[in-house]
Colleague: 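Okay, handing you the structure first.
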Protein chains: 2
Amino acid sequence: MPTEIPDIVISRLPVYLRALERLTQEGQEVTSSHELGRRLGISSAQIRKDLSHFGGFGKQGTGYKIAFLKEQLRQVLKVEREWNVVLVGAGDLGSAIAHYRGFSDRGFHIISVFDNSAEKIGRKLSTYDIEPMSQLDEFVTEHDIRIAMIAVPAEHAQQVADTLVKAGVKAILNYAPINLSVPEGVHVQYIDPVLHLQRMTYYLSE
Amino acid sequence: MPTEIPDIVISRLPVYLRALERLTQEGQEVTSSHELGRRLGISSAQIRKDLSHFGGFGKQGTGYKIAFLKEQLRQVLKVEREWNVVLVGAGDLGSAIAHYRGFSDRGFHIISVFDNSAEKIGRKLSTYDIEPMSQLDEFVTEHDIRIAMIAVPAEHAQQVADTLVKAGVKAILNYAPINLSVPEGVHVQYIDPVLHLQRMTYYLSE
DNA sequence: ATTAGGATGTGTATTCTTTCACAAACGAAC
DNA sequence: GTTCGTTTGTGAAAGAATACACATCCTAAT
């Protein structure tokens, strides 16, 4: 564990965790790398090797105790705790995100929403008050927020990102269809469903 | 071009295309692999190699004519035409997707929405009438739909996927937080923002 | 014409990922 | 206790992807 773990390995852990949660819901208590692999379309060797970066979580001949493995993965990913998140942008997209229950169900709590449109500020969005962008910096700093979601038009996304980074945000989930440039040590993940569609159309025969 | 092109290459083409569209909006007409790489955080060599799979689109000493490169990429990805898509699931998530303008802006038109909840059927969702699930199969077959989006609860997603596949759908954008198993030749892409968040928290220091 | 400054396309080297395959270990059955 | 079927964890091999580096080509300026 002294060497750095490849990001591609990290990116699969949440997938494993999600599958394990599903197995729990189905009432199962033990699983194997083969079963997981079959479900996920990943080779069992890959799963074992990925997990082995963090320790030996399984038992030979038996497999993995699901509850234990989930707990270990949660700790590795640092999602055994709850995280507070800010959302920037209260348009259609921001609105959908604010209403989506899936975030807080899995430990990510939106604690404030920001927008710069005069008519939106002060209004309610879901259970949140929409705050003016001018207070974004201060809010992030004061509440020591590390994670933000950007749901503003592409033209404003970089500027918002700059503000967030300056205020100390280290992880950005960007819904704006544009690449952000951020300093070393700040992580960005992109969500643009159209990119996924365009990737699949390549394979669609005439 | 006789050899199969790696999927990882395909997955980057939409990103290039998006960046090129942005450059156009900014009034630029020519670019280089270096400039693109800088913007995207990708090495220029990678961009050149990716593009070279499909032909020589650039000119030495000059770079790439943006309009031409966009057109080429659109053809490669088969997004120079418009695509019809069905959406399954008219809950919060499906509703947000139906209202999202970004799809049809980029050539993907939702032409029908399906749900199995008696109270939703017949209602309007955005500009669409919500149709009963029982007609999904027939509709997809009749209209020769190749692409579907799934926005139903995880428990029902596999069953919906099976129906879609049987009716001839070849590409599924799955918003349900679960892995789908589909036969060879059917493509699935996943959207689960929580996975992205969990991937980033790994890197957040205490 | 010639030269200088860039930029592409690509063969090669390097690095990163995945798969293979097997020793070691476990549990159940007898 | 021993055997058998199974499953992990992991070195080593194979395979893929990325980065390097340079010959080639292009434009513009002199």
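Nothing here was measured: the structure is a model prediction, and the numbers come from that model. FYI, side chains are in, hydrogens and waters are out, and symmetry mates aren't considered; it's all heavy atoms of this structure.
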Colleague: Phosphate oxygens OP1/OP2 of D/dC26: is one of them under 4.0 Å from a side-chain N or O of B/Tyr64?
Modeller: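 For D/dC26, OP1/OP2 do not have a side-chain N/O of B/Tyr64 under 4.0 Å.
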
Colleague: Can you see if the side chain of B/Ser43 gets near the phosphate of D/dA19 - specifically, an N or O under 4.0 Å from OP1 or OP2?
Modeller: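 B/Ser43 to D/dA19 OP1/OP2: side-chain N or O found under 4.0 Å.
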
Colleague: Taking the minimum atom-to-atom distance to the side chain of B/Lys59, which one of D/dC26, D/dT8, C/dT10 wins?
Modeller: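 So the side chain of B/Lys59 is nearest to D/dC26.
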
Colleague: Can you tell me if NZ on B/Lys59 sees more than 12 non-hydrogen neighbours from other groups inside 6.0 Å?
Modeller: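 Atom NZ in B/Lys59 is not crowded, with 12 or fewer foreign heavy atoms closer than 6.0 Å.
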
Colleague: What integer distance in Å separates A/Lys65:NZ from C/dC26:P?
Modeller: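 Atom NZ in A/Lys65 sits about 17 Å away from atom P in C/dC26.
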
Colleague: In whole angstrom, give the distance that lies between atom CZ of B/Phe54 and atom P of C/dT8.
Modeller: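 Checked: the CZ to P distance equals 17 Å.
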
Colleague: Categorize A/Ser33 for me: base, sugar-phosphate, or nothing, with a 4.0 angstrom heavy-atom threshold over every strand shown.
Modeller: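 The answer is sugar-phosphate, as A/Ser33 gets under 4.0 Å only of primed atoms, P, OP1 or OP2.
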
Colleague: Let's see if you can work this out: which of D/dC26, D/dC25, D/dT10 has an atom nearest to the side-chain heavy atoms of B/Gln60?
Modeller: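 It is D/dC25.
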
Colleague: Distance check needed: D/dA19 P versus B/Arg48 CZ, whole Å only.
Modeller: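 So the CZ-P distance, B/Arg48 to D/dA19, works out to 12 Å.
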
Colleague: Rounded to the nearest angstrom, tell me the gap between atom CZ in B/Phe57 and atom P in C/dT8.
Modeller: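 That distance rounds to 14 Å.
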
Colleague: Rounded to whole angstroms, how far apart are CD1 on A/Ile8 and C1' on C/dT19?
Modeller: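 Result: 14 Å.
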
Colleague: Would you kindly compare A/Ala45 and A/Gly63 by the position of their nearest DNA chain D nucleotide and give the one closer to the 5′ end?
Modeller: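 Going by which nucleotide is closer to the 5' end, it is A/Gly63.
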
Colleague: What is the distance, rounded to the nearest whole Å, between atom NE2 of B/His53 and atom C1' of D/dA16?
Modeller: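 Checked: the NE2 to C1' distance equals 11 Å.
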
Colleague: Please examine the side chains of B/Val152 and B/Asn116, heavy atoms only from C-beta on, and report whether any two atoms are closer than 4.5 Å.
Modeller: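 Heavy-atom side-chain distance check fails, nothing below 4.5 Å.
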
Colleague: Side-chain N or O of A/Arg12 less than 4.0 angstrom from OP1 or OP2 on C/dT18?
Modeller: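 Result: yes.
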
Colleague: Measure distances between side-chain N and O atoms of B/Lys49 and base N and O atoms of C/dG11, and say whether any donor-acceptor pair falls under 3.5 Å.
Modeller: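 A donor-acceptor contact between them is present.
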
Colleague: Between A/Thr62 and B/Leu51, which has a closest nucleotide on DNA chain C that is more 5'?
Modeller: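 Counting from the 5' end, the first nearest nucleotide belongs to B/Leu51.
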
Colleague: How many whole angstroms separate atom CG of A/Leu69 from atom C1' of D/dG9?
Modeller: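 Between C1' of D/dG9 and CG of A/Leu69: 14 Å.
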
Colleague: Side-chain N or O of B/Gln46 less than 4.0 angstrom from OP1 or OP2 on D/dT18?
Modeller: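 Answer yes for this pair, as a side-chain N or O of B/Gln46 is under 4.0 Å from OP1 or OP2.
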
Colleague: Between B/Arg74 and B/Glu21, does at least one N-O distance fall below 4.0 Å, as a salt bridge requires?
Modeller: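 Looking at B/Arg74 and B/Glu21, the cut-off is met.
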
Colleague: Which nucleotide, C/dC20, C/dT8, C/dT17, lies nearest any side-chain atom of A/Pro6?
Modeller: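 The listed nucleotide nearest to A/Pro6's side chain is C/dT17.
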
Colleague: Can you tell me how far apart CG (A/Leu73) and OH (B/Tyr202) are? Round to the nearest 0.5 Å.
Modeller: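 So the gap between those two atoms works out to 12.0 Å.
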
Colleague: Within the distance-only criterion (no hydrogens, no angle test), does the side chain of A/Trp83 pair as donor or acceptor with the backbone N or O of A/Arg146 below 3.5 angstrom?
Modeller: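 No; zero donor-acceptor contacts below 3.5 Å.
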
Colleague: In whole angstroms, how far is the C1' atom of D/dG9 from the NE2 atom of A/His34?
Modeller: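 In whole Å, D/dG9 C1' lies 13 Å from A/His34 NE2.
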
